[in-house]
Protein chains: 2
Amino acid sequence: MFVENEKHITIQALHRMPYYLQKLRELKNEGVEVISAPKIAQMLNLNEVQVRKDFAAVSDSKGKPKAGFSVLELISQMEELLGFNNTDDAVLVGVGSLGHAFLAYKGFEEYGLNIVAAFDLNPEFIGREISGKIILPADKISEMCFRMGIHIGIITVPEEQAQKVCDQLVAGGVLAIWNFAPVHLSVPENVLVKNENLAASLAVLSKHLKEKMKNL
Amino acid sequence: MFVENEKHITIQALHRMPYYLQKLRELKNEGVEVISAPKIAQMLNLNEVQVRKDFAAVSDSKGKPKAGFSVLELISQMEELLGFNNTDDAVLVGVGSLGHAFLAYKGFEEYGLNIVAAFDLNPEFIGREISGKIILPADKISEMCFRMGIHIGIITVPEEQAQKVCDQLVAGGVLAIWNFAPVHLSVPENVLVKNENLAASLAVLSKHLKEKMKNL
DNA sequence: TGTATATCGGTATTATAATATCGATAACGG
DNA sequence: CCGTTATCGATATTATAATACCGATATACA
């Protein structure tokens, strides 16, 4: 007879949350205090029932008929859920062009991610400073993650090196991996890999384009 | 009584394709000529039926019982489908840290994407050369896209500017938009927006981590 | 103050994708 | 050369997510 305190949130709903959050913050800045699901749905091109369900999944506060939901309450509950108000430390491996950009990118902090160390396999980079971080040799990954209690790893190395780097992160106690290499990574089942496969996205774009062009 | 020549491929299947392709190329390099669905499934941590169905969706060549599928045929048919063997021209808008990295990134060409022009709103950047491309003023977007017959636009500007840039791309005849700004973009229905929302990915990671840490 | 209505929450239905099942068949070993 | 078996394709089932529907209710306005 335990109370189910964990709301079930689908992965798709989770992906929609940042869009809600962005729009809600916009509305807040315009002075809007209450917003209805159909209005949000229209703005984001979603189904109104889906919006209402998504809101119900994050929020325990109820919406009022004819009016809607409290913008401020939704914002704070979403930030809570998404972890954007408590910062996680992360390490980054691979300071090629993409890794370089991430080290320079200020936006991550806004989402609660703080890159505390960067590694590379290339001796040429090691010891150099990029955006205020000293680049460390890749063979120190496990040790450093363990010592600093890091649980998030970002992989921006070429595909050939990705699995090896991944193994080192896991050995260092990392539980969540953000993988930008276009390869499948094998990990123990308690570790989550979130793939950011640019090739996959391009495939979608390219397919769509091919179909559009055919009809011209 | 027309023959259905367009195979139906789900969006999820399309996302899996680059992983298959990567693995198949690896196998090809090892000299493997025929591979079975269960083996691929095991390597990529997928269901064997799913793999077989995905293969059937791209390929008209049949697999052989007890043996499997021709690695070479699968590779060429996937490349064909994904459009990795015919290059599309694209423009990029926003040369902040991420845009900068994309201009420097060589990998896109491998996937059939060629960035032919880059734009920015910031007068400070205009006229400067980054990775061999001259940065043009954003108000030239529509004109240039139209003149050069560009159909793909990459948006790497901050969220406040994204919708405006998007409208200009659409006005210039762009049909597919790769959006890295964490906002929903409104477009006509014949235009595809592929969102690459880093915040959304981080949300997934953060949620997973929060649950893991709770159990410690 | 009463009536119309936009929106709510909950439930039912439909759509989509993943997985399980099974008879058929080509390769392999004895 | 014949049984054994891994894998196939096709079909059935289950899981998951999206959408439609409906009675209840708070607000707005006559």
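Throughout, protein chains are lettered first and strands after them, A, B, ... in sequence-line order, and every chain is numbered starting at 1. Note that this is a predicted model, so its numbers are computed, not measured.
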Nearest-Å distance, CD (A:Gln50) to P (D:dA20)?
11 Å

Less than 3.5 Å apart, any donor N or O on the side chain of A:Gln163 or A:Asp167 sitting next to an acceptor on the other?
yes

For the backbone of B:Gln168 and the side chain of B:Ser142, can you confirm whether one donor and one acceptor N or O come within less than 3.5 Å of each other?
yes

A:Ser36 side chain near C:dT7 phosphate (N/O to OP1/OP2, under 4.0 Å)
yes

Roughly how many Å is it from CZ in B:Arg52 to C1' in D:dT7, rounded to a whole number?
6 Å

Which listed nucleotide (D:dA17, C:dG10, D:dC8) is nearest to the side chain of B:Pro38?
D:dC8

What is the distance, rounded to the nearest whole Å, between atom CG of A:Leu14 and atom C1' of D:dT16?
16 Å

Can you tell me how far C1' of D:dA10 sits from CD of B:Glu48, to the nearest Å?
14 Å

Check for a donor-acceptor pair, side chain of B:Glu33 on one end and backbone N or O of B:Val71 on the other, with a separation under 3.5 Å.
no

May I ask you to say what B:Ala13 touches in the nucleic acid, namely base, sugar-phosphate or nothing, with a heavy-atom cut-off under 4.0 Å?
nothing

Of the candidates C:dC8, C:dG10, D:dC8, the side chain of A:Phe69 sits closest to C:dC8

Grab the NZ-C1' distance between B:Lys62 and D:dG9 for me, whole Å please.
7 Å

Length of the NZ-P vector between A:Lys66 and D:dA28, whole Å
7 Å

Within the distance-only criterion (no hydrogens, no angle test), does the side chain of B:Ser206 pair as donor or acceptor with the backbone N or O of A:Leu82 below 3.5 angstrom?
yes

Consider only side-chain N and O atoms of B:Gln77 and B:Glu73, and report whether a donor and an acceptor are under 3.5 Å apart.
no

Take the protein atom CD1 of A:Ile40 and the nucleotide atom C1' of C:dT7, then report the distance between them rounded to whole Å.
14 Å

So, does A:Lys39 get its side chain near the phosphate of C:dT7, meaning an N or O under 4.0 Å from OP1 or OP2?
yes

For A:Arg16 and D:dA17, is the shortest distance between a side-chain N/O and OP1 or OP2 below 4.0 Å?
no

Quickly work out the B:Asn47 CG to D:dT13 C1' distance and round it to whole Å.
13 Å

At less than 3.5 Å, do the side-chain atoms of B:Lys53 and the base atoms of C:dT19 form a donor-acceptor pair?
yes

